[in-house]
Amino acid sequence: MNVEEFRKYGKEVIDYICEYGSNIEERDVAPTLDPGYLKKLLPADAPQSPESFKDVLEDFEQKIMPGVVHWNHPKFFAYFPSGNSFPSVLGDMLSSAIGSIGFSWASCPAAAELETIVMNWYAKALGLPKAFVSDAPGSTGGGALQGSASECVLVSLITARARAISELKGQTTVHDSVFLPNLIAYASREAHSSVEKATKMALVKLRIIDADERGRMRVDLLQQAIQNDVNAGLTPFFVVATVGTTGGCAFDDISEIGKVCRQVSSIWLHVDGAYAGNSFILPEMRVFSAGLEYADSFNTNPNKLLLTNFDASALWVRDVMTLKSALNVNPLYLRHEHMNGVDYRHYGIPLSRRFRALKLWFVFRTYGVKGLQEYIRNHMVLAKKFEMLVRKDERFEVRNDVHLGLVCFRMRTGDEPNHLLLAQINHSGKMHMTPAKFNGRYVIRFCVTYEHATEKDILDAWSQIKGFAEEILRDTQLEISSAPATPETERTSSEPVAVTGKPPIKKILTRTKSLRFSFTRSISREQFQSQSEHLMDGCTPILVVDPKTIQQSFQQAAEDNQNNNITKLKDISDVDTDEASN
Ligand code: PLP
């Protein structure tokens with residue numbers, strides 16, 4: 001494609017994007033297709049000869065768009081928002097056009113320096129403790145953009161692991177892996193599965209702490225678990241608190257968790273605020289960020305609630321040197337003459353990094369902090385509106401505390417009719433929602449996600465939901481339970497159950513060809529029905545086996561340490577890495 005063609009098609013694509021956004025409501029929010037639909041439409045091999053870009057664009061509209069879920073549709077109420085805005089799209093376009101790979105200051109000074117500046121703007125806008133702001137007097141902290149919240153959790157865990165192992169190892173030269181069986185991490189039952197994935201990758205144990213009826217980590221149980229593990233000779237090294245859990249947007253009490261963590265020096269407290277952390281841009285939401293001063297690291301995704309396109313996830317740490325020494329490798333070919341400039345390759349997993357700060361800078365400048373505050377407040381008002389509508393209808397109940405944009409609701413029946421309600425909602429193509437299990441109950445998550453969401457979107461959605469519910473209740477002849485609706489009263493009362501016998505669910509399900517239950521793994525029935533130790537998005541926790549022999553090696557190393565007797569285990573020796581360079 002030459003520059004003139006690029007100019008022509010570039011303008012066409014921008015026009016297409018504008019039309020797409022303006023007329024998005026004419027499209028179904030999600031398609032009703034079966035897996036493999038695209039294979040039938042596209043050839044099995046890449047073309048040997050160039051094709052015209054016009055044909056490519058035509059196929060995009062004819063073949064690709066029908067398989068797209070429209071995350072920026074006014075009736076998309078699933079998951080959490082996929083941040084998006086015109087300034088962000090433009091920033092991303094420029095980043096793609098420039099194509100710099102900013103792993104070091106030398107590889108793209110503007111990318112490195114803008115990232116530092118924007119991360120400080122962002123931290124200040126959220127009211128984060130000064131310890132996370134790299135240009136605050138006396139601060140040893142700072143932030144970096146990562147690809148996802150999952151990556152932020154992993155990077156924090158790896159850093160915490162390195163710090164804990166270094167303390168355990170002391171002067172001995174035994175291999176770091178010897179200490180793995182002793183390390184144990186903690187997260188609430190409601191924490192995101194990325195915590196479990198991170199512990200799985202890092203080969204450390206994860207202890208899951210129960211949550212209270214509002215979905216918050218039980219701090220008393222955390223304290224007890226840590227105490228028991230210390231007594232058993234384990235080393236608690238990583239605690240994850242969540243502000244805005246995925247299932248019910250519950251906020252863990254960071255202050256109380258922080259106080260417990262402070263009692264054990266080896267613990268690194270990470271606070272995961274993938275979605276709701278952004279809400280701290282509102283002073284009225286900072287009641288939930290109290291206690292962040294105890295945190296060693298904190299993450300939030302501007303690509304969820306800050307109108308910034310995927311991918312952009314912000315991670316701040318209190319002590320940048322600890323992070324960098326955990327991840328530092330420094331081969332000759334990456335060294336440069338300005339090693340006092342910031343090299344973000346030491347702040348995360350990949351070497352190569354996109355110029356992500358550009359889109360975030362565009363967003364901050366074009367909306368201003370006030371514009372971003374207005375956007376989030378609008379979501380909050382609309383979620384409250386939806387909550388009120390649900391609460392006013394005695395056939396339904398709201399299961400979570402609605403502080404931000406997420407409302408978890410259900411019909412006051414058993415779970416099966418609620419499965420069915422969600423299936424009907426999604427199969428209609430007119431709205432899109434996802435399920436969760438919150439406080440032991442199957443709920444439908446209704447999350448306000450659209451940038452320009454209005455009250456009409458909420459009222460329309462509610463009226464359609466009620467229509468589906470009425471159909472289900474009529475078809476299945478279910479009666480609504482008279483059980484109380486609030487979690488508090490429910491603790492002492494019996495389960496709300498369908499009064500009549502088993503509903504003829506199968507008959508109703510045959511009306512829908514493809515029940516699109518497969519968009520997240522959290523929603524398969526098998527997973528939902530399985531009652532074993534689970535994080536709430538449905539996967540089984542990994543508990544690394546504790547081989548006695550390795551335990552003995554660990555004890556041996558501890559004794560050696562005590563005697564200041566430097567031992568080397570068999571042939572396993574440390575791999576040398578260069579010193580952290582910045
Ligand atoms: N943490 C929380 C609380 C989340 O809600 C999510 C996703 O929704 C994640 C982590 C994972 O986010 P990502 O997709 O950026 O890895």
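In each ligand, atom 1 is the first atom listed, and ligand 1 is the first ligand listed.
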Hey, is [X] close enough to [Y] for a salt bridge, meaning N to O under 4.0 Å?
X      : Y      : answer
Lys359 : Asp92  : yes
Glu190 : Arg216 : no
Asp460 : Lys430 : no
Arg391 : Glu397 : no

Just going by heavy-atom distances, which of [options] is nearest to [atom]?
atom                    : options                        : value
atom 16 (O) of ligand 1 : Cys152, Ser150, Ala312, Gly244 : Ser150
atom 1 (N) of ligand 1  : Asn299, Asp272, Leu406         : Asp272
atom 9 (C) of ligand 1  : His192, Lys197, Gln146         : His192

- Message: Quick check on Tyr275 - does any of its heavy atoms sit under 4.0 Å from an atom of ligand 1?
- Response: no
- Message: Between ligand 1 and Lys304, can you find any atom pair, the residue atom being a heavy atom, that is separated by under 4.0 Å?
- Response: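 Yes; Lys304 lies near enough to ligand 1 that a heavy-atom distance drops under 4.0 Å.
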- So, do Leu94 and Phe362 sit near enough that their side-chain heavy atoms are less than 4.5 Å apart?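 In short, these two side chains touch, coming nearer than 4.5 Å.
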- With a 4.0 Å heavy-atom cut-off (strictly under), which part of Asn301 contacts ligand 1: side chain, backbone, both or neither?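 Just the side chain.
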- At under 4.0 Å between heavy atoms, what of Tyr79 touches ligand 1? The answer is neither
- Query: Ser148 heavy atoms, cut-off 4.0 Å: which ligand 1 atoms fall inside?
  - Reply: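 Those qualifying, in numeric order: 13 (P), 15 (O), 16 (O).
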- Item | Those atoms of ligand 1 less than 4.0 Å from some heavy atom in Phe80 | 5 (O), 8 (O)
- Which residue holds the protein heavy atom closest to atom 5 (O) of ligand 1, what is that atom called, and what is the gap in Å?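 Protein heavy atom with the smallest distance to atom 5 (O) of ligand 1: Thr246 OG1, 2.9 Å.
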- Query: Please state which protein non-hydrogen atom is closest to atom 13 (P) of ligand 1 and give its distance, to 0.1 Å?
  - Reply: Ala149 N, 3.6 Å
- Task: Using only heavy-atom distances, determine whether the side chains of Ser297 and Trp316 contain a donor-acceptor pair under 3.5 Å.
- Result: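 No, Trp316 and Ser297 have no side-chain donor paired with an acceptor closer than 3.5 Å.
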- Message: Just checking Tyr79 against Trp71, ring centres under 6.0 Å apart?
- Response: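 They qualify: ring centres under 6.0 Å apart.
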